[in-house]
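Some notes on the structure that comes next.
In this text the structure is predicted, and so the values were computed from the model without any measurement. What you see below is based on every heavy atom in this structure, not just the backbone, and it leaves out hydrogens, waters and symmetry mates.
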Amino acid sequence: MSPWVPFVVLFAIALGFGTVTILISNFFGPRVRSSRKDMPYECGMEPVGDARLRFSVKFYLITMLFILFDMEAVFIYPWAVIYSDMARLPSLGLFVFVEMAIYLGIVFTGFLYVWKKGALNWD
């Protein structure tokens with residue numbers, strides 16, 4: 001037997017379950033539509049206004065910067081966990097430390113740039 005057989009069986013079961021569930025609800029589900037039923041549910045309150053709000057570009061810029069600096073933490077955390085093992089080897093420990101210092105310097109320079117440009121101000 002191929003090692004892919006369990007994967008294919010699981011995929012077929014998942015696909016079949018999804019298809020059968022949708023078809024059963026489509027055939028046996030109620031089809032009564034009304035304007036009240038088609039309204040979005042807003043925590044028990046009547047919806048007011050348009051749901052499509054316009055956000056400032058600054059919101060998206062702050063979001064992208066947050067993701068960027070969050071990714072920095074994703075790279076630093078594993079490095080910090082294994083650094084104590086690498087520091088036992090003098091040449092490798094110093095090399096890895098200098099590499100991380102350069103990386104942090106580049107990230108910090110980017111942070112200073114966006115701060116200086118005013119990208120972090122909500123005004």
Side-chain angles (χ1 to χ4, degrees):
M1 275 182 34
S2 172
W4 290 98
V5 171
F7 175 74
V8 171
V9 169
L10 180 65
F11 185 75
I13 290 172
L15 188 65
F17 179 75
T19 304
V20 168
T21 305
I22 291 173
L23 290 175
I24 287 174
S25 69
N26 211 6
F27 286 129
F28 297 114
R31 296 181 186 267
V32 179
R33 299 187 67 90
S34 67
S35 61
R36 183 164 176 88
K37 212 176 193 184
D38 289 338
M39 283 178 38
Y41 182 71
E42 301 271 343
C43 302
M45 299 178 66
E46 296 289 328
V48 178
D50 190 17
R52 294 179 181 91
L53 298 175
R54 294 187 64 119
F55 289 103
S56 172
V57 173
K58 286 204 176 257
F59 172 77
Y60 297 108
L61 184 61
I62 294 286
T63 305
M64 287 188 288
L65 289 173
F66 174 76
I67 291 172
L68 174 72
F69 290 118
D70 199 34
M71 287 293 110
E72 171 196 355
V74 167
F75 288 120
I76 291 175
Y77 183 72
W79 175 85
V81 168
I82 64 170
Y83 180 71
S84 63
D85 293 336
M86 289 185 291
R88 292 185 193 139
L89 302 170
S91 61
L92 184 62
L94 182 62
F95 174 74
V96 171
F97 182 77
V98 169
E99 287 287 323
M100 185 52 72
I102 291 171
Y103 173 73
L104 287 176
I106 292 170
V107 170
F108 188 68
T109 303
F111 176 70
L112 289 178
Y113 176 77
V114 296
W115 190 2
K116 184 85 170 165
K117 286 291 188 181
L120 301 176
N121 294 336
W122 280 101
D123 298 341

* To do: Write down the atom of P6, the atom of P3, and the distance for their closest heavy-atom approach.
  => CD-O, 3.5 Å
* Asked: Where is the tightest heavy-atom contact between I22 and S25, given as atom of each residue plus distance?
  -> O-OG, 3.0 Å
* Asked: What's the verdict on side-chain contact (heavy atoms from CB on, under 4.5 Å) for M100 and F75, showing C-alpha distance, side-chain angles and the deciding distance?
  -> CA-CA 10 Å; M100 185 52 72; F75 288 120; 5.6 Å; no
* To do: Find the distance between OH (Y60) and CG (L65) and round it off to the nearest 0.5 Å.
  => 15.0 Å
* Side-chain heavy atoms under 4.5 angstrom apart, residues restricted to Ile, Leu, Val, Met, Phe, Trp, Tyr: same cluster for V107 and F97? -> yes
* Hey, quick one: are W4 and L15 part of the same hydrophobic cluster, counting side-chain heavy atoms closer than 4.5 Å, chains of contacts allowed? -> no
* **Partners passing ring-ring contact (aromatic ring centres under 6.0 Å, His included) against F66 (at least two apart in sequence or in another chain)** => none
* **Gap separating the CG atom of D70 from the OG1 atom of T63, nearest 0.5 angstrom** => 12.0 Å
* Are F69 and I67 linked, directly or through other ILVMFWY residues, by side chains that come within less than 4.5 angstrom of each other? -> no
* Rounded distance [0.5 Å steps], CZ in F28 versus CG in L23 -> 10.5 Å
* Distance from F17 atom CZ to T19 atom OG1, nearest 0.5 Å? -> 10.5 Å
* Asked: Which class fits the ring pair W115 and F111: parallel under 30°, tilted 30 to 60°, perpendicular over 60°?
  -> tilted
* Heavy-atom side-chain contact between I76 and L104 under 4.5 Å -> yes
* **From I82 atom CD1 to Y77 atom OH, the distance as rounded to the nearest 0.5 Å** => 12.0 Å
* Mind checking what makes side-chain hydrogen bond (donor to acceptor under 3.5 Å, both in side chains) contact with R31, not counting sequence neighbours? -> none
* Got a sec: does the OH of Y103 have more than 12 other heavy atoms crowding it under 6.0 Å? -> yes
